[in-house]
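The structure appears below as structure tokens.
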Amino acid sequence: MFTQRTYCGEVSDSQSGERIQLGGWVDKKRDLGGIIFLELRDVSGIVQIVIDSSRSPDIAAIAETVRNEFCLRVEGTVRRRSAETVNPSLATGALEVEADYIEVLNSSLTPPFPLDTRNSINEELRLQYRYLDLRREEMRETILARHRATQVIRRYLSANRFIEIETPILNKSTPEGARDFLVPSRISRGMFYALPQSPQLFKQILMVSGFDRYFQVVKCFRDEDLRNDRQPEFTQVDLELSFVTRETVIGVIEGLIAEMLRATIGLEVELPFPRISYDEAMTRYGKDAPDTRFGLELVDCGDIFKGASFNVFSAALASGGIIKCLPVPDDGAISRKMADDYTEYVKTFRAKGLPYVRYREGDFEGGISKFLSESERMALSKKLDLKGVMIVFFGSDREGIVNDTLANLRLKIGRDLNLIDESRFNFLWVLDFPLLEYDEEERRYYAKHHMFTAPREEHVALLDTLTPENINTIKAQAYDIVLNGVEIGGGSIRIHNTDVQKKMFEVLGISEEDAKIKFSFLLEALKYGAPPHGGIALGLDRIIMLLLRRNSIRDVIPFPKTQKGQCMMSDAPSPVSPAQLRELYIKVVDK
RNA sequence: GGGGUGUUAGCUCAGCUUGGUUAGAGUGCCUGCCUGUCACGCAGGAGGUCGCGAGUUCGAGUCUCGUACACCCCGCCA
């Protein structure tokens, strides 16, 4: 029916005088009686259609009956608008199409919510009618930007000799890491596949196979609770390279991200990205993914309070904890009430309280100031370089709690005081992660990244003298990339030496037998001339979310799940028939 | 598993503190008028199980308890 359709948003001045065909949806209708204006919308944008009832009464009669979101075929002549009727807020605003043919291809119910973006709409409703939500300009732009991003990823990586290879979705469940989504096997009674948390093992196998540069834009699955930036299924840009060091991986990713920024939001980014060590990030910001768009750094002041009379501090130090503080310039914005709110806030991170003092031109007042000795005051104002009017918050507890607390408090104050320049995109490499972490309760070691991550070569020997105390001296060849305080990717150079891998399993308390059952194929493969290799995975959804400044990851995923993991549109998950369950040898039991 | 916020017209929200006549606004929707609008304008009209269920009370949108759903956070996840 359409012989040569023109896209609404692409009607151009060069077509002036030409007769064109359009297909789209009624975005708006302005019926002035004798003249009717329709705004017709398709994936490319909007163009104004004019119908003059005195010149074409039949067409005007049809136009009168159309409503918003009717699907139309329109034919007519492109013409320039007179100077005083140009609409500068529309890309095609200098033009319009005088219709000589209108056909209602399909009528539409009145949409349950307005499709123009002025008002915020209940997200539940948007998700229920996602097909309408996706017609909104904001969502359309998001989907298109995401498309451009994935196109650039494929083009850039292909140009850099990466090969796109698919890996299985039905996979083997592996221990550790996130909870697996399981898929029961019908053919093998009582057996289960797991959906991949990432293609980790397979991409390493591909290195052994000699595909020295692999990539995939791939769905990954983790059965954990949802968050603003976490969905049970999400997309990774996954890569792996042979014969490389960390620097090669970093270089490839920096080039890729620069291209992605250009393609999605037209921004030039400065390379290379700054780098920080894990230790420094933890010291200065209290977390391994710092937001560097503003200052307010943490300062360790355990040394100042070594002999403190203030019980809270001395007790924390005595039990092996630390004391850090967060000095904040305060021109009165942090009122007493706010300080109290912050005390409540830090309790969510398991802090017992939030000691603070006010500093005013050399004097300490309020809060815990009466517990500070003269020498402590001196040392503090020197170490923190206190000037003018400031408020200093303290954290004193186990290291993890102090860092967690002050890192989050820093972010909250940064937002409250408007210290964050929202226009910035601060990329940051975080390097030299510890190889292992120690679980106090289970009294065992865990791999911080994963168990195939290589230690730094000069630290391999330290594995023999490992204790929970010296654990942080063993660094991994692991790296994260952070954007505005959000981890957007992480990877490592892998272990390709069987002896080192054995040692790693030993440390993690995984017996040779266990390892064989769980990863025998990878361990076997590594014995057949595995090349040194490493890689990284980027969280595509998160990157798009940050670049487009969307509020949540759900806003950049076409069909996301709610916090309870449900799809409001399709109603998944849902019960299945008893017959289906029987086939799978599955019985649903009560709690 | 835990903490918090919300749920009133198709949509966005007010009303709840201090229970009391017929639950309002804007917008959308419907009808009529209107030949240069672009958030068109003007006039008229329809539209409500105040999420659901108990309770307190002479009387509950409003107070209490429970519950469902959505969102944010802790745990979980890297």
Side-chain angles (χ1 to χ4, degrees), chain A residues 27-39 46-57 60 64 67-69 81-90 92-93 96 98 109-129 132 176-180 197-198 200 220-232 234 236 287-289 344-351 401 404-405 408 411-412 430 433 437 446-450 453 478-482 486-492 537 539 542 551-552 554 561-566 568:
Chain A
D27 195 67
K28 243 160 228 150
K29 173 184 164 188
R30 290 181 289 274
D31 184 349
L32 274 63
I35 191 166
I36 300 171
F37 299 96
L38 297 179
E39 285 186 11
I46 287 173
V47 69
Q48 176 166 280
I49 313 292
V50 198
I51 302 103
D52 188 325
S53 67
S54 64
R55 286 215 259 170
S56 33
E64 269 172 34
R67 296 289 183 270
N68 281 353
E69 300 313 317
R81 300 197 199 179
S82 66
E84 66 276 13
T85 61
V86 166
N87 182 357
S89 60
L90 212 58
T92 60
E96 61 190 9
E98 184 174 18
L109 297 175
T110 302
F113 53 85
L115 299 192
D116 51 44
T117 332
R118 277 189 303 278
N119 298 323
S120 63
I121 308 150
N122 184 288
E123 193 177 354
E124 202 177 340
L125 200 67
R126 285 174 53 205
L127 292 177
Q128 191 184 340
Y129 295 93
L132 296 179
E176 326 237 344
R179 195 176 292 114
D180 282 324
Q197 296 176 25
S198 81
Q200 184 60 38
C220 300
F221 305 86
R222 291 178 190 171
D223 188 9
E224 297 293 346
D225 284 359
L226 286 74
R227 283 284 189 284
N228 197 18
D229 59 356
R230 271 163 39 189
Q231 282 274 306
F234 61 99
Q236 281 190 350
K287 64 182 285 200
D288 59 7
E344 279 309 302
Y345 178 70
V346 298
K347 284 180 183 167
T348 61
F349 303 100
R350 290 170 299 165
I401 292 179
D404 221 16
T405 300
N408 282 293
L411 289 174
K412 185 166 173 59
V430 182
F433 276 77
E437 51 194 350
Y446 278 94
K448 185 148 179 94
H449 185 62
H450 58 55
T453 297
Y479 32 81
D480 272 5
I481 182 162
V482 171
V486 178
E487 182 202 323
I488 58 166
S492 64
R542 282 188 185 176
N551 293 323
S552 90
R554 293 183 302 279
K561 307 275 189 290
T562 67
Q563 198 160 46
K564 285 211 163 164
Q566 300 196 314
M568 297 305 279

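First the proteins, then the strands, lettered A, B, ... as listed; each starts at 1.
- As rounded to whole Å, 13 Å separates atom C1' of B/G36 from atom CD of A/Glu39.
- Close to B/C40, at under 4.0 Å from its OP1 or OP2, lies a side-chain N or O of A/Arg30.
- In this entry the distance linking NZ of A/Lys347 with C1' of B/G2 reads 16 Å, nearest Å.
- Taking only side-chain atoms of A/Gln48, from C-beta outward, the nucleotide of B/A39, B/U37, B/U12 with the closest atom is B/U37.
- B/C30 and B/A46: their C1' atoms are spaced 7 Å apart (whole Å).
- When the P atom is used for both B/U12 and B/C29, the distance is 16 Å, rounded to whole Å.
- Legend: residues meeting ring pair (Phe, Tyr, Trp, His ring centres under 6.0 Å) with A/Tyr345, ordered by chain and number and at least two apart, are A/Phe349.
- Evaluation of the side chain to side chain donor-acceptor pair (under 3.5 Å) rule for A/Arg126 yields A/Asp133, A/Asp555 as partners, not counting sequence neighbours.
- Note: CG (A/Asn87) to C1' (B/C40) measures 12 Å, nearest angstrom.
- When both distances must be under 3.5 Å, the Watson-Crick or G-U wobble mate of B/U57 does not exist.
- To the nearest whole angstrom, the two C1' atoms, one in B/U22 and one in B/G66, are 32 Å apart.
- Across B/A54 and B/U62, the matching P atoms stand 14 Å from one another, rounded to whole Å.
- With C1' as the reference atom, B/A9 and B/G61 are 14 Å apart, rounded to whole Å.
- For A/Arg179, the side chain to side chain contact (heavy atoms under 4.5 Å, CB included) criterion is met by A/Asp223, A/Glu224, not counting sequence neighbours.
- Under the rule for a salt bridge (Lys or Arg N to Asp or Glu O under 4.0 Å), A/Lys29 has no partner lying at least two apart in sequence or in another chain.
- You'll find that the side chain of A/Thr85 is closest to B/U37, out of B/A39, B/U12, B/U37.
- Checking side-chain atoms of A/Asp180 against main-chain N and O of A/Gln197 turns up no donor-acceptor pair under 3.5 Å.
- Between the CD atom of A/Glu98 and the P atom of B/U35 there is a distance of 17 Å, rounded to whole Å.
- Residues satisfying the salt bridge (Lys or Arg N to Asp or Glu O under 4.0 Å) criterion with A/Arg350, sequence neighbours excluded, are absent altogether.
- Counting any heavy atom pair closer than 4.0 Å across all strands shown, A/Glu96 reaches a base atom.
- Counting distance only, with no hydrogens placed and no angle test, the side-chain atoms of A/Ser54 and the base atoms of B/U35 include a donor-acceptor pair under 3.5 Å.
- By the criterion of a centre-to-centre distance under 5.5 Å and near-parallel planes under 30°, the ring of A/Phe37 forms a stack with the base of B/U37.
- Look at B/C33: its Watson-Crick or wobble partner, with both distances under 3.5 angstrom, is B/G41.
- Annotation: salt bridge (Lys or Arg N to Asp or Glu O under 4.0 Å) contacts of A/Lys287 (sequence neighbours excluded): none.
- Nucleotide B/G6 is matched to B/C69 when pairs are restricted to Watson-Crick or G-U wobble geometry with both distances under 3.5 angstrom.
- Using a 4.0 Å heavy-atom distance criterion, A/Leu90 is classed as making no nucleic acid contact.
- Among all heavy-atom pairs drawn from A/Pro232 and A/Leu226, the shortest one is CD-CD2, 3.4 Å.
- Across all strands shown, B/G26 is found opposite B/C11 as a Watson-Crick or G-U wobble partner, with both distances under 3.5 Å.
- Atom CD1 in A/Ile46 sits about 15 Å away from atom C1' in B/U37, given to the nearest Å.
- Atom C1' of B/C63 sits at a distance of 34 Å from the matching atom of B/G75, rounded to the whole Å.
- One P atom belongs to B/C73, the other to B/U21, and the distance between them is 41 Å to the nearest Å.
- If you measure from atom CD1 of A/Ile51 to atom C1' of B/U37, you get 12 Å, rounded to the nearest angstrom.
- With rounding to the nearest 0.5 angstrom, the CD atom of A/Glu437 is 4.5 Å from the NZ atom of A/Lys448.
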> What does nucleotides 68-78 of chain B look like as a protein-contact string, B for base, S for sugar-phosphate only, - for none, at under 4.0 angstrom between heavy atoms?
Replying inline: -SSBBSBBBBB
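- A/Lys29 has its NZ atom 14 Å from the P atom of B/C34, to the nearest Å.
- Where A/Pro112 and A/Arg55 each meet RNA chain B at their nearest nucleotide, the meeting point lying more 5' is that of A/Pro112.
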>> Between A/Ser492 and A/His450, is the side-chain contact (heavy atoms from CB on, under 4.5 Å) condition met? List the steps.
In response: CA-CA 9 Å; A/Ser492 64; A/His450 58 55; 4.2 Å; yes
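- Note on A/Ile121: only backbone sugar-phosphate atoms sit closer than 4.0 angstrom, heavy atoms only; bases stay farther off.
- Under the rule for a salt bridge (Lys or Arg N to Asp or Glu O under 4.0 Å), the partners of A/Asp229 that lie at least two apart in sequence or sit in another chain are A/Arg542.
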Which protein N or O atoms sit under 3.5 Å from an N or O of nucleotides 27-32 of chain B?
residue: B/C30; atom: OP1; partner: A/Arg67; partner atom: NE; Å: 2.7
residue: B/U31; atom: OP2; partner: A/Arg67; partner atom: NH2; Å: 3.2

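- A donor-acceptor contact shorter than 3.5 Å links the side chain of A/Ser56 to the backbone of A/Asp52.
- Between B/G48 and B/C11, the two P atoms lie 13 Å apart (nearest whole Å).
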